[in-house]
Amino acid sequence: MRLHVANHPLVDHKLAVLRDVETHSATFRLLVDELVTLLAYEATRDVHTREVEITTPVTTTTARKLATPRPIVVPILRAGLGMLDGMTRLLPTAEVGFLGMQRDEETLEAITYANRLPDDLSGRQCFLLDPMLATGGTLVAAIDYLLQRGARDVTAVCLLAAPEGLKVVEDFVGDRADVSIVVAAVDERLNEKAYIVPGLGDAGDRLYGVV
Ligand SMILES: O=P(O)(O)OC[C@H]1O[C@H](OP(=O)(O)OP(=O)(O)O)[C@H](O)[C@@H]1O
Ligand SMILES: O=c1cc[nH]c(=O)[nH]1
Ligand SMILES: [Mg+2]
């Protein structure tokens, strides 16, 4: 598993505002969108391209465009939905699949309540979106879904990760697949409720309100 931590002053600034308890949903949503755009640049560094011939106003030349099969972007609902537009803006050919997962706050087990993905993901570059990687249970379950459908090239884009969760994902992945995690920051630890510290609280609630 490869880990890439964004190291950029704009990411630091936007994260500082995002984490602030005084930041309300509208600003929070805007910041998540902007942060994803910055992370997507790194997350798509190895996206497949093909050579094409184009005509400029001056001459014909060869250039590169996004290749097929099209990459697939999979937001993990709810909170991952806040990252979808920012990602697809940068990756316009992508198809979008959906995974609905909720962590049981007692057992910390990830429960899957929705799943709309192609049956066959072999040969597809897959991008999972979820702002929070806490215990890693949700991301492991999501990666497992993709691997079971034949995916071998998975990049997870997260905003915050806990060291404990990163270790869980790394142990699960081993050498089964090519998995990368691109994250805005790795925080200190999990607290007794398995929330990321210092974190930003419940990302889904901050995006969409408490349900
Ligand atoms: O690493 P884990 O310990 O599994 O926790 C992380 C998960 O928790 C949050 O979702 P949540 O279950 O709160 O669902 P929501 O997006 O609907 O709020 C978050 O968006 C991750 O999916
Ligand atoms: O800190 C955390 C942990 C799990 N889920 C969240 O939304 N935030
Ligand atoms: Mg939540």
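Both ligands and their constituent atoms are indexed starting at 1 by order of listing.
- Distances below 4.0 Å separate heavy atoms of Asp202 from the following atoms of ligand 1: 13 (O), 18 (O).
- Counting only heavy atoms of the protein, atom 6 (C) of ligand 1 lies nearest to Met132 O, 3.4 Å.
- Cluster membership check: Val73 does not share its hydrophobic cluster with Leu121, using side-chain heavy-atom separations under 4.5 Å among Ile, Leu, Val, Met, Phe, Trp and Tyr.
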Going through the distances and angles, do Arg152 and Asp178 end up as a side-chain contact (heavy atoms from CB on, under 4.5 Å)? CA-CA 6 Å; Arg152 289 296 173 266; Asp178 183 5; 6.0 Å; no
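- Between Asp20 and Glu22, the closest heavy-atom pair is OD1-N, 2.8 Å.
- Geometrically, Arg176 engages Phe172 in a cation-pi contact defined by less than 6.0 Å to the ring centre and at most 45° from the axis.
- Residue Gln102 has at least one heavy-atom neighbour below 4.0 Å for each of these atoms of ligand 1: 12 (O).
- Residue Ala134 touches ligand 1 through backbone and side chain together, judged by heavy-atom distances below 4.0 Å.
- Polar contact with ligand 1: present for Gly136 (N/O pair, distance under 3.5 Å).
- At least one N, O or S atom of Asp202 sits under 2.8 Å from the Mg ion (ligand 3).
- Below 4.0 Å from some heavy atom of Ala79 lie the following atoms of ligand 1, by number and element: 16 (O), 20 (O).
- Shown here, atom 21 (C) of ligand 1 is in close reach of the protein: a heavy atom of it lies under 4.0 Å off.
- In this structure, Val11 is a member of the same hydrophobic cluster as Val157, with clusters built from ILVMFWY side-chain heavy atoms closer than 4.5 Å.
- At least one test fails for Arg116 against the ring of Tyr145: distance under 6.0 Å to the centre or angle within 45° of the axis.
- Closer than 4.0 Å to atom 1 (O) of ligand 1 lies at least one heavy atom of the protein.
- Atoms of ligand 1 lying under 4.0 Å from any heavy atom of Arg103, numbered from 1 in the order shown and given with element: 2 (P), 3 (O), 4 (O), 5 (O), 12 (O).
- The protein atom (non-hydrogen) at minimum distance from atom 7 (C) of ligand 1 is Thr138 OG1, 3.5 Å.
- The ligand atoms of ligand 1 that sit less than 4.0 angstrom from a heavy atom of Asp130 are 19 (C), 20 (O), 21 (C), 22 (O).
- The Thr135 neighbourhood of ligand 1 comprises atoms 1 (O), 2 (P), 3 (O), 4 (O), with distances under 4.0 Å to a heavy atom of that residue.
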What does the N/O contact table under 3.5 Å look like for ligand 2?
| residue | atom | partner | partner atom | Å |
| --- | --- | --- | --- | --- |
| ligand 2 | 1 (O) | Ile196 | N | 2.8 |
| ligand 2 | 7 (O) | Ala203 | N | 2.9 |
| ligand 2 | 8 (N) | Gly201 | O | 2.8 |

